[in-house]
Amino acid sequence: MTGANGFSVSGYGPERAGWTRVFARDSLARRLDWPILLAAVALSLIGSLLVYSATRNRTDINQGDPYFFLVRHLLNTGIGLALMVGTVWLGHRTLRNAVPVLYGLSVLLILLVLTPLGSTVNGAHSWIQLGGGFSLQPSEFVKITIILGMAMLLAARVDAGDKLYPDQRTVLQSLGLAAVPMLIVMLMPDLGSVMVMVIIVLGVLLASGASNRWVFGLIGAGAAGAIAVWQLHILDDYQIARFAAFANPSLDPAGVGYNTNQARIAIGSGGLTGSGLFEGSQTTGQFVPEQQTDFVFTVAGEELGFVGGGVIIVLLGIVLWRACRIARETTELYGTIVAAGIVAWFAFQSFENIGMTLGIMPVTGLPLPFVSYGGTSMFAVWVAVGLLQSIQVQRPMSA
């Protein structure tokens, strides 16, 4: 059989059979980037233990079943792996041709959030309730379409050999493509997702070879925009309160500063090796809110200690290292830009999530990739891994 990307998965001729064919030098199994795959699977499995620890006693949300969130997290991981396989099968080049359709669908979905179909979770009106306890956060998929859309525009003439670098008109078009969904997401308002998208745009521009003036200009525009958003009172009260609590941790410790204070207590109590899995007093006592999602790293810090938290950071580092390697070694600008956009996404979101539990970043409600509970975020990161693997397997092999 041959996938849409033109890479043969099983048709290697009658002379190759069994394991010889599966692990031949040009086979799919040999060309996959296994460190990324294994590190991401390990993060998801560690996440399942942390999610279970955080929710097994939460009868208020687990519907009386201590395994409720564990089973769903493992199911989300399984679906994510299937989406990764499907993405590799289709190939990032096929998805390049489908960008207009994917972009239109993602914009439509985030627009639906602003209709009565949208719902509010933890202050952010960024969800669509599907019924049966399932929900969808379209802004997660917007991250992917921004990466693919900008890469398609910025790399089109360069990969065709017409240009060495994207020209100003192409850069403006790509920025316009990214600006539309970002403005809609800001209206929700989902500040955390917008922050990730801004970093993605900067990462994509840097990888594309566009003039550094664009990057510095965007940074300046972003600073001016942040001041304008603050002065025009576009942010909701709870978002302003979060920034105020970040600037002054002692502000309202029983209110808006409660999450970060309890998070630091949980992580600090873990010490070097932690109190033991399922033995954390802060976790068992349910002192840290949203511990299965935004604050899942506090479970690792308390129960697995500095060592366990360090393992998670190292695994995330492996994913980023291998993604950077893929971006550097691919021979097409399109693949380089896609991989670089994913690196920017994963790096910033990981830093922000862990940073907010340590009190060095403001609370924004961003999940920890692969680890936090959440279907949409899990699906999105595994699709991103599929894109990285597609770029890897389609890279010409050296003789």
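Using a 4.5 Å cut-off on side-chain heavy atoms (C-beta onward), Q291 and S53 make no contact. Contact of the T87 side chain with the W382 side chain is not registered, since no non-hydrogen atoms from C-beta on lie closer than 4.5 Å. Contact check for V198 versus L218: no side-chain heavy atoms found under the 4.5 Å cut-off. Counting heavy atoms from C-beta on, the side chains of P181 and Y103 come closer than 4.5 Å. Within the 4.5 Å cutoff, side-chain heavy atoms of Q262 are placed close to those of I265. At least one side-chain heavy atom of E303 sits less than 4.5 Å from a side-chain heavy atom of T283. The closest side-chain heavy-atom distance from Y165 to V158 is not below 4.5 Å. Considering only heavy atoms from C-beta on, I128 comes within 4.5 Å of P138 through its side chain.
Clustering ILVMFWY residues whenever any of their side-chain heavy atoms sit less than 4.5 angstrom apart, transitively, puts V85 in the very cluster that holds F379. L108 is not connected to L183 by any chain of hydrophobic side-chain contacts under 4.5 Å among Ile, Leu, Val, Met, Phe, Trp and Tyr, and they are in different clusters. Linking ILVMFWY side-chain heavy atoms closer than 4.5 Å, directly or via other members, places L38 and L81 in a single hydrophobic cluster. Transitive grouping of hydrophobic side chains (ILVMFWY, heavy atoms separated by less than 4.5 Å) keeps F141 and V101 in distinct clusters.
Among I326, D33, I342, the one residue that satisfies the side-chain contact (heavy atoms from CB on, under 4.5 Å) test with I391 is I326.
Side chains of T94 and N97: no donor on one and acceptor on the other come within 3.5 Å. For Y334 and R96, the side-chain atoms include no donor-acceptor pair closer than 3.5 Å. A side-chain N or O of T364 and one of E352 form a donor-acceptor pair less than 3.5 Å apart. Between the side chains of H92 and E332, at least one donor N or O sits under 3.5 Å from an acceptor N or O. Side chain to side chain, R31 and Q392 fail the donor-acceptor criterion of an N or O pair below 3.5 Å.
Note on ring orientation: taking the six-membered ring where Trp is involved, the planes of F278 and Y52 are perpendicular (angle over 60°, cut-offs 30° and 60°).
Minimum interatomic distance between V99 and G149 (heavy atoms only, all atoms of both residues): CG1-CA, 3.6 Å. Contact detail for G341 and I200: the closest heavy-atom pair is O-CG1, 4.0 Å. The shortest non-hydrogen separation linking G374 to N76 is C-ND2, 3.9 Å. The two residues I46 and V311 have their closest heavy-atom pair at CD1-CG1, 4.4 Å. Closest approach of L191 to M186, counting heavy atoms only: CD1-CE, 4.1 Å.
Listed for the N353 side chain is a donor-acceptor partner under 3.5 Å among the backbone atoms of L366. Using a distance-only test at 3.5 Å, with no hydrogens or angles considered, a donor-acceptor pair links the side chain of E302 to the main chain of S281. In terms of modelled atom types and a separation under 3.5 Å, the side chain of S48 and the main chain of L45 share a donor-acceptor contact. In terms of modelled atom types and a separation under 3.5 Å, the side chain of T170 and the main chain of P166 share no donor-acceptor contact. Within the 3.5 Å criterion, the main-chain N or O of A327 finds no donor-acceptor partner in the side chain of T330. The backbone N or O of T293 lies less than 3.5 Å from a partner atom in the side chain of S372, making a donor-acceptor pair. Within the 3.5 Å criterion, the main-chain N or O of V296 finds no donor-acceptor partner in the side chain of E290.
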Point to revise | Residue pair I146, V204: steps toward the side-chain contact (heavy atoms from CB on, under 4.5 Å) verdict | key: CA-CA 9 Å; I146 286 178; V204 163; over 6 Å; no
**Study point:** Test side-chain contact (heavy atoms from CB on, under 4.5 Å) applied to D167 and R157, step by step
**Key:** CA-CA 9 Å; D167 56 29; R157 300 187 67 180; 3.4 Å; yes
Point to revise | side-chain contact (heavy atoms from CB on, under 4.5 Å) between I354 and L316, intermediate numbers included | key: CA-CA 11 Å; I354 295 174; L316 288 167; 4.3 Å; yes
Point to revise | Worked check of side-chain contact (heavy atoms from CB on, under 4.5 Å) between T55 and F68 | key: CA-CA 8 Å; T55 59; F68 179 79; over 6 Å; no
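For residues 42-61, the pairs satisfying salt bridge (charged side-chain N to carboxylate O under 4.0 Å, His left out) are R58-D60, with sequence neighbours left out.
Every side chain to side chain contact (heavy atoms under 4.5 Å, CB included) that L272 has, sequence neighbours left out, goes to F306, V307.
Considering CG of L205 and CZ of R213, their distance stands at 13.0 Å, rounded to 0.5 Å. Within the model, atoms CG of L117 and CG of L112 stand 6.0 Å from one another, a figure rounded to the nearest 0.5 Å. The OG1 atom of T77 lies 12.0 Å from the CE atom of M84; values are rounded to the nearest 0.5 Å. Note that the CG atom of L50 and the CZ atom of F69 stand 14.5 Å from one another [nearest 0.5 Å]. Here the straight-line distance linking atom NZ of K143 with atom CH2 of W345 works out to 6.0 Å at 0.5 Å rounding. The distance from atom CG of L368 to atom CD1 of I313, rounded to the nearest 0.5 Å, is 9.0 Å.
With a 6.0 Å radius and a threshold of 12 heavy atoms from other residues, nucleotides or ligands, Q168 has its CD atom at or below the threshold.
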